[in-house]
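The model shown is predicted, which means the values in this text are computed figures rather than measured ones. Position 1 is the first residue of the sequence; numbering continues from there. All heavy atoms count here, side chains included; hydrogens, waters and symmetry mates do not.
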Amino acid sequence: MNINELRAIQAPLKELYKQNPESAVIPTRAEGIIEGEDIVCRIPTSIGTTVAGLHPATGGDGSKACSADMLMESLVACAGVTLKAVATAMRIPLKRAKVIAEGNWDARGTLGIDRAATVGLKEVRLTFEVDSPADPEKIKKLVQLTERFCVIYQTLANPPKLTSHYKTLYQI
């Protein structure tokens, strides 16, 4: 896709969102099904079902998706698509680019072994490898804009209010 095609696709959306800001608030939703004997959660998606399970560090066999890996994959996907869109808008030719997300989590926390051990990722490192003939200052700006416009990056950098609810379906 070139800049003219990108602009043609996005122009009517930008105009709509300027005229009607409420229409720019896009709901998102995911759900997982837990049933049966296996310790897994099945997440239906538009391209198939992802089956998440225990990481080998917590007793899994490695055959199921790991939630922490899925979070990193989500960051990489969002940053990658955003990088390409911003490069297109900036007319920066990309021969190839790679986005790498890395982090560490302490299995002791999620296994309840040590209350002082953090549950969750303590830090996330994002690396952009950009193969482009563009000026290094333009590449620097490309990465800055990618970080600014990437939904997942900004969600991690500025965590949203998180709430949890439950309802009981089984009646005695």
Side-chain angles (χ1 to χ4, degrees), residues 1 3 6-7 9-11 13-18 20-32 41 43-47 50 52-55 57-58 64-112 114-132 134-166:
M1 179 179 298
I3 189 168
L6 179 61
R7 283 184 178 159
I9 291 170
Q10 290 185 341
L13 295 170
K14 288 181 177 185
E15 186 58 32
L16 170 66
Y17 302 153
K18 284 178 188 174
N20 183 3
E22 303 84 35
S23 68
V25 178
I26 310 301
T28 185
R29 185 174 194 277
E31 63 180 57
C41 180
I43 303 102
T45 73
S46 60
I47 59 169
T50 298
L54 293 171
H55 187 278
T58 62
K64 310 291 187 290
C66 165
S67 301
D69 293 342
M70 292 168 67
L71 179 64
M72 297 291 97
E73 292 160 358
S74 178
L75 175 58
V76 164
C78 188
V81 169
T82 304
L83 179 85
K84 182 62 175 176
V86 172
T88 300
M90 292 178 68
R91 292 185 169 98
I92 295 176
L94 293 179
K95 289 183 182 176
R96 185 173 189 273
K98 183 189 284 189
V99 181
I100 304 160
E102 300 171 287
N104 298 79
W105 56 276
D106 190 334
R108 296 173 305 155
T110 196
L111 288 173
D114 182 350
R115 286 191 178 274
T118 302
V119 177
L121 294 160
K122 294 180 82 122
E123 72 173 302
V124 174
R125 298 171 302 279
L126 193 60
T127 303
F128 295 90
E129 295 179 355
V130 180
D131 185 0
S132 172
D135 178 81
E137 284 302 311
K138 283 191 89 170
I139 300 298
K140 181 178 179 181
K141 185 67 172 177
L142 168 65
V143 170
Q144 289 171 341
L145 291 173
T146 297
E147 291 170 353
R148 177 177 171 201
F149 296 124
C150 175
V151 171
I152 305 302
Y153 184 95
Q154 287 301 318
T155 300
L156 292 172
N158 304 287
K161 176 182 177 186
L162 184 62
T163 60
S164 173
H165 309 278
Y166 75 92

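- For Glu15, there are no salt bridge (charged side-chain N to carboxylate O under 4.0 Å, His left out) partners, not counting sequence neighbours.
- Residues that satisfy the side chain to side chain contact (heavy atoms under 4.5 Å, CB included) test with Val81, not counting sequence neighbours, are absent from this structure.
- Taking all atoms of both residues into account, the shortest heavy-atom contact from Leu83 to Ala97 is CD2-CB, 3.6 Å.
- Each side-chain hydrogen bond (donor to acceptor under 3.5 Å, both in side chains) pair with one or both residues in residues 73-84, not counting sequence neighbours, would appear here, but there are none.
- Listed for the Thr110 side chain is no donor-acceptor partner under 3.5 Å among the backbone atoms of Val119.
- Take Arg108 and apply the salt bridge (charged side-chain N to carboxylate O under 4.0 Å, His left out) test, not counting sequence neighbours, and it matches Asp106, Asp114.
- Here the closest non-hydrogen pair linking Cys41 and Gly32 is SG-CA, 3.6 Å.
- Partners of Thr45 under the side chain to side chain contact (heavy atoms under 4.5 Å, CB included) rule, at least two apart in sequence or in another chain, are Ile43, Ile47, Thr50.
- Nearest approach of Leu126 to Val99, heavy atoms of both residues: CD1-CG1, 3.6 Å.
- Partners of Lys140 by side chain to side chain contact (heavy atoms under 4.5 Å, CB included), not counting sequence neighbours, listed by chain and number: Glu137, Gln144.
- Between Lys98 atom NZ and Asp131 atom CG the span is 11.5 Å, to the nearest 0.5 Å.
- Atoms CG and CD, on Leu121 and Glu123 in that order, are 9.5 Å from each other to the nearest 0.5 Å.
- Scanning all heavy atoms of the two residues, the minimum distance from Ala79 to Thr146 falls at O-CG2, 3.5 Å.
- Applying the ring pair (Phe, Tyr, Trp, His ring centres under 6.0 Å) rule to pairs touching residues 84-106 yields His55-Trp105, sequence neighbours excluded.
- With sequence neighbours excluded, no residue forms a salt bridge (charged side-chain N to carboxylate O under 4.0 Å, His left out) with Arg91.
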- Verify side chain to side chain contact (heavy atoms under 4.5 Å, CB included) between Val86 and Arg148, making sure each step is shown before the conclusion. CA-CA 10 Å; Val86 172; Arg148 177 177 171 201; over 6 Å; no
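- Using a 4.5 Å heavy-atom cutoff, the side chains of Asn104 and Arg125 are in contact.
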Side-chain polar contacts of residues 154-166 - donor-acceptor pairs under 3.5 angstrom, sequence neighbours left out - could you list them?
from: Gln154; atom 1: OE1; to: Asn158; atom 2: ND2; distance (Å): 2.9
from: Gln154; atom 1: NE2; to: Glu147; atom 2: O; distance (Å): 2.8
from: Thr155; atom 1: OG1; to: Val151; atom 2: O; distance (Å): 2.7
from: Asn158; atom 1: ND2; to: Gln154; atom 2: O; distance (Å): 3.4

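- A distance of 10.5 Å separates CD1 of Ile152 from CE of Met72, quoted to the nearest 0.5 Å.
- Residues Ile92 and Leu142 approach most closely at CD1-CB, 3.9 Å, considering heavy atoms.
- Sorted by first and then second residue, the ring pair (Phe, Tyr, Trp, His ring centres under 6.0 Å) pairs with a member in residues 136-155 form an empty list; sequence neighbours excluded.
- For the residue pair Ala89 and Leu6, the shortest heavy atom distance occurs at N-CD2, 4.2 Å.
- For residues 65-91, no pair satisfies ring pair (Phe, Tyr, Trp, His ring centres under 6.0 Å), with sequence neighbours left out.
- Applying the salt bridge (charged side-chain N to carboxylate O under 4.0 Å, His left out) criterion to Glu31, with sequence neighbours excluded, gives Arg29.
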